[in-house]
Amino acid sequence: MKSRKRAAAFSTTALLSLGLLLTTAAPAHAVPDSCTVNTWGGYGASTCTTGTGEQRINIAYIDRQNQRQVVVGNWVPVGGTSSAYFNGSLHLWWLDKRG
């Protein structure tokens, strides 16, 4: 009988401890998401509206000497706009994200 009481007490303690851990855990961080990118007239901009953390735009372009160049925008938090200017023909763009 003693072993049943000990097992029940142990189980109850374990469940209470687990519940305490779950309620005091730090909130999860999610990298920025729901991002939009616009490019026009030598300018590129990106904005993300969900998640946490920061994002920035990267633009690869071909300059007037036919060389590939890369420009990097500023890190901004979710809701902000990262932008970069490029002087040539747009080749591709991508986003860096950090949570």
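This is a predicted model, so every value here is computed, not measured.
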Once rounded to the nearest 0.5 Å, what's the spacing between atom NE2 of His91 and atom CD of Gln69? 12.0 Å
Is there a path of hydrophobic side-chain contacts, each under 4.5 Å between heavy atoms of I, L, V, M, F, W or Y residues, that connects Val72 with Leu92? yes
So, Thr49 side chain and Gly79 main chain: donor-acceptor pair closer than 3.5 Å or not? no
Minimum heavy-atom distance between Arg68 and Ala60, given as atom pair plus value: NH2-CB, 3.6 Å
What's the spacing between Cys48 SG and Leu95 CG if we round to 0.5 Å? 5.5 Å
Report yes if some heavy atom in the side chain of Val76 is under 4.5 Å from a heavy atom in the side chain of Gln55; otherwise report no. yes
Pair Ser83, Asn74 - check side chain to side chain contact (heavy atoms under 4.5 Å, CB included), show working. CA-CA 7 Å; Ser83 60; Asn74 51 319; 4.3 Å; yes
Closest non-hydrogen atom pair between Gly42 and Tyr85, with its separation: O-CD1, 3.0 Å
Co-membership, hydrophobic cluster, residues Ile57 and Val78, 4.5 Å side-chain: no
Which heavy atom of Gly53 sits nearest a heavy atom of Pro32, and at what distance? C-CG, 4.0 Å
Quick check: do Trp94 and Val37 have side-chain heavy atoms less than 4.5 Å from each other? no
Can you measure from CD1 (Ile62) to CG (Asn87) and round to the nearest 0.5 angstrom? 12.5 Å
How far does CH2 of Trp75 sit from CG of Asp96, to the nearest 0.5 angstrom? 4.5 Å
Do Thr47 and Thr81 have a side chain donor and acceptor closer than 3.5 Å? yes
Do side-chain atoms of Ser82 reach the backbone of Ser46 as a donor and acceptor pair under 3.5 angstrom? no
Hey, could you give me the CZ/CG distance between Phe86 and Asp63, rounded to the nearest 0.5 Å? 12.5 Å
